[in-house]
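Quick note: numbers below take in every heavy atom, side chains included, and nothing from hydrogens, waters or symmetry partners. Just so we're on the same page: letters track the sequence lines, and every chain starts at 1. As the structure is a computational prediction, the values presented were derived from the model and not from experiment.
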There are 2 protein chains.
Amino acid sequence: MRKPATIQDIARAAGVSTATVSRALSHPERVAEATRSLVLDAVRRSGYRVNRTARNLRRRRSGSILALVPNLANPFFSEILSGLSSVLAESGHGLLVGDTHIGPHPAARLNDYLAAGMADGVVIFDSRLPDGMVFEGARPPMVLACEWSRPNLPSVRVDNEGGAALAIRHLLRRGHRAIGHLTGPSGNVLTESRLAGTRQALSEAGLKLAPDHLFPGDFGLGSGASAAERWLALRDRPTAVFCASDEMACGFMGALRHAGIDVPGAVSVVGFDDIEVSAHLVPALTTIRQPRRLIGERAARLLLAMIEAGSSQAPAELLPVQLIERQSVAPPATTPLDG
Amino acid sequence: MRKPATIQDIARAAGVSTATVSRALSHPERVAEATRSLVLDAVRRSGYRVNRTARNLRRRRSGSILALVPNLANPFFSEILSGLSSVLAESGHGLLVGDTHIGPHPAARLNDYLAAGMADGVVIFDSRLPDGMVFEGARPPMVLACEWSRPNLPSVRVDNEGGAALAIRHLLRRGHRAIGHLTGPSGNVLTESRLAGTRQALSEAGLKLAPDHLFPGDFGLGSGASAAERWLALRDRPTAVFCASDEMACGFMGALRHAGIDVPGAVSVVGFDDIEVSAHLVPALTTIRQPRRLIGERAARLLLAMIEAGSSQAPAELLPVQLIERQSVAPPATTPLDG
DNA sequence: CTGTTAGCGCGTTCAA
DNA sequence: TTGAACGCGCTAACAG
């Protein structure tokens, strides 16, 4: 028994036709109970598994869905992928992951994948993608996750603007007036909406974001550290900085403390994401929590439903965020207190 | 032009047979130059892509390789996956990822994948897997990455024992005698070899690992924090602790500092992995660097070579590790110095 | 409820 | 060097 059993072998062993075997496996209810158990027995005895490739060719599906992330090395995505993976495992779909940072033309690579029929659906975590895409031929259902550049595409996202406002109001409540913002990469949708939320909450308090207090970043650790240098060089320093990602907040606080600056004594910091490490930093990072696993799960379910229905439309889902208070925020110009 | 072009369409457009089109695409050298360009032109004009599913069925391959990780949510794996993804992208293979924490029987799920012909090769990051596997029928090539439980299987790994010894000798050199070790989960291969390296280096100096100074962990942040509590409760505290992962080191230092203990003043810490955040912690973590991206790349190349050769054998590759000195280590029982 | 028939789209014989 | 024909393993029509 070197090579795997085929549906023919089962048909022979059970004394039925291959069609019946196929039905017994795919649509058990369409087959008489007696024959069904006959088939299932034969299957068990032989250790037969349906050949997904053949099934997929026949069904004109690929059996897997593709997740396109801007940077696989970024831990922010790992838990989302884990959520995706867990619901896809139930439905028997494979999870194909692609890193859009790799290779020359991310959008072209996406097209290749799709045109080659390699995915039944796509979850896109990179908002640059849908804009760069040439829509050649029919495409499988896609959902945008996290980043939301095209209002007409199905999406699972988080209230970024509201989250930013939550962060700012928290700082305001603690008495801060000079509040800075460390942004994501320019042009990014997330960057825009978190900035907008920041401005909005500030203006509600009659405040503005000083140009000096707007630090450009890219969501990565390194850019947080760079922002710290800029903060140090300022004559007129903000007493609090809201960072558009936890990684940046981490880099920011790290560099500050390495320079001997006390956080939150000299400057308060709020992050965004609530990645796992944030609770273990010193000081523990106050941040806006995104339900990352849930994002993955919802995106997967949305996509599966679309595939099922043969539709490329779906509602946009908006998931709530939450302020997590820890120790990186204190009133301005005082010695550190803990909450 | 609603549905994608097939090889038939190209054959018609180029005035040749489908066999010729197939050859022109898969084995260009076996076709006359004139006809080849005829075909390639038709391909370009129509935007034709070969249907991977059909090709795979015919070739009896699946076109993708599977990476099985113990916990997708663990950022340690993200960069490795990124390395895998980049070399697989070149060869046109898809990267399927599976989380072995999901679902009831990880080994059974692996078998399902393979028996269903869903992967041409597997990279396994979870050493529990090969042990639990029932080898039903022919299996595609597999390589063990990072964890190395079966000497006879191809593997890409790192010198864990040597790395641990590096860490311990560094601590020894700085004057520490009472050195503790925070381990990975029990039964894990990595846990064993890092512990062995620790013991080895200690014994070279005529020292032993006190039972009290052996802290059980699981590689995760939380277990680092728990170890800190145990450390605090000790009458006879080690002046340095070598942690088997950076995440644990991070949790350990965090909890210690939250409790008001100075690191490295009161206790020095060395980690293992050199994850990105380690350089940004306070104090910046001294650690043993693993070439994570390289691990992924090598594993991918090894696997591709095996698939190419139709072999399930390959050499075991051993990648070097490196001590990265930062600020979490100081001489024992003094006020903090920085190196 | 079940069997027969006919492909899914491609790669590979075997002749020409 | 090229084309005709077959089949990879499975499922969807259509009869019966």
Side-chain angles (χ1 to χ4, degrees), chain A residues 1-40 42-43 46-63 92 114-120 137-138 140 310, chain B residues 2-40 42-43 46-63 92 114-118 120 137-138:
Chain A
M1 184 169 272
R2 209 76 214 104
K3 42 180 34 178
T6 80
I7 204 173
Q8 309 251 22
D9 301 327
I10 305 304
R12 210 167 316 138
V16 298
S17 75
T18 61
T20 302
V21 176
S22 174
R23 278 187 293 249
L25 263 22
S26 302
H27 309 282
E29 75 282 2
R30 292 188 204 167
V31 90
E33 178 161 345
T35 31
R36 191 192 323 161
S37 59
L38 217 58
V39 170
L40 295 183
V43 166
S46 64
Y48 167 78
R49 305 276 139 148
V50 333
N51 178 321
R52 306 300 274 230
T53 309
R55 165 179 285 180
N56 290 334
L57 175 59
R58 185 59 238 246
R59 298 230 243 240
R60 306 178 129 169
R61 302 188 321 127
S62 75
L114 301 190
M118 290 181 73
D120 300 331
Chain B
R2 209 75 215 105
K3 41 179 36 179
T6 80
I7 203 172
Q8 310 251 22
D9 300 326
I10 304 305
R12 209 166 314 139
V16 298
S17 75
T18 60
T20 303
V21 176
S22 174
R23 278 188 291 250
L25 294 174
S26 302
H27 309 283
E29 75 283 2
R30 292 187 204 168
V31 89
E33 180 161 343
T35 31
R36 192 194 320 162
S37 59
L38 217 59
V39 170
L40 294 184
V43 165
S46 64
Y48 167 78
R49 307 276 140 148
V50 333
N51 178 321
R52 306 300 274 229
T53 309
R55 164 178 286 182
N56 290 335
L57 176 59
R58 184 59 239 242
R59 296 230 239 245
R60 306 176 132 172
R61 302 189 322 126
S62 75
L114 301 189
M118 291 181 73
D120 299 332

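A/Thr53 comes within 4.0 angstrom of no nucleic acid atom, judged by non-hydrogen atoms across all strands. A/Val21 comes within 4.0 angstrom of no nucleic acid atom, judged by non-hydrogen atoms across all strands.
An OP1 or OP2 oxygen of D/dG9 is reached within less than 4.0 angstrom by a side-chain nitrogen or oxygen of B/Arg60. Phosphate proximity of C/dG9 to B/Thr6: absent, as no side-chain N or O sits under 4.0 Å from OP1 or OP2. The side chain of B/His27 contributes no N or O atom lying less than 4.0 Å from OP1 or OP2 of C/dG11. A/Ser26 has a side-chain polar atom (N or O) that falls below the 4.0 Å cut-off from OP1 or OP2 of D/dT11. Residue B/Thr18 places no side-chain N or O under 4.0 Å from the OP1 or OP2 atom of C/dG9.
Taking each heavy atom of B/Arg61 and A/Thr53 in turn, the nearest pair found is O-OG1, 3.9 Å.
Checking D/dA12, D/dG3, D/dG9 against every side-chain atom of A/Asn51, the shortest atom distance belongs to D/dG9. Taking only side-chain atoms of B/Arg59, from C-beta outward, the nucleotide of C/dG9, C/dT12, C/dT2 with the closest atom is C/dT12. Of the candidate nucleotides C/dT2, C/dG3, D/dT11, C/dT2 has the atom lying nearest to any side-chain atom of A/Ala32. Checked against D/dA12, C/dC10, C/dG11, the side chain of B/Tyr48 finds its nearest nucleotide in C/dC10. In the set D/dG9, D/dT2, C/dC10, the nucleotide with an atom closest to the side chain of B/Ala54 is C/dC10. Taking every side-chain heavy atom of A/Thr20 into account, C/dT2 is the closest of C/dT2, D/dG7, D/dG3.
Side-chain contact of A/Ser62 with A/Asn56: a donor-acceptor pair under 3.5 Å is absent, judged by distance alone.
Nucleotide C/dG9 holds its C1' atom 19 Å from the CZ atom of A/Arg55, rounded to whole Å. Remark: P of D/dC10 and CZ of A/Arg12 are 12 Å apart, rounded to the nearest angstrom. Rounded to whole Å, the distance from CZ on A/Arg61 to P on D/dG9 is 20 Å. Rounded to an integer number of Å, the gap from B/Asp9 CG to C/dC8 C1' is 14 Å. As rounded to whole Å, 10 Å separates atom P of C/dG3 from atom CG of A/Leu38. Separating the CZ atom of B/Arg52 from the P atom of D/dC8 is a distance of 22 Å, rounded to the nearest angstrom. Atoms CZ (B/Arg58) and P (D/dG9) sit 10 Å apart, rounded to a whole Å. We find that CG of A/Asn56 is positioned 15 Å from C1' of D/dA12, with the value rounded to whole Å.
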Between A/Ser22 and A/Arg58, is the side chain to side chain contact (heavy atoms under 4.5 Å, CB included) condition met? List the steps.
CA-CA 12 Å; A/Ser22 174; A/Arg58 185 59 238 246; over 6 Å; no

When you look at B/Thr20 and B/Arg23, which way does the side chain to side chain contact (heavy atoms under 4.5 Å, CB included) test go after all the steps?
CA-CA 5 Å; B/Thr20 303; B/Arg23 278 188 291 250; 3.8 Å; yes

Begin with the C-alpha distance, continue with both residues' side-chain angles, and end with the deciding distance and a verdict on side chain to side chain contact (heavy atoms under 4.5 Å, CB included) for B/Val16 and B/Val21.
CA-CA 7 Å; B/Val16 298; B/Val21 176; 3.8 Å; yes

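Of the two residues contacting DNA chain D, namely A/Arg23 and A/Ile7, the nearest-nucleotide position lying further toward the 5' end is that of A/Ile7.
Sparse packing is recorded around CD of A/Glu33, with 12 or fewer heavy atoms of other residues, nucleotides or ligands lying under 6.0 Å away.
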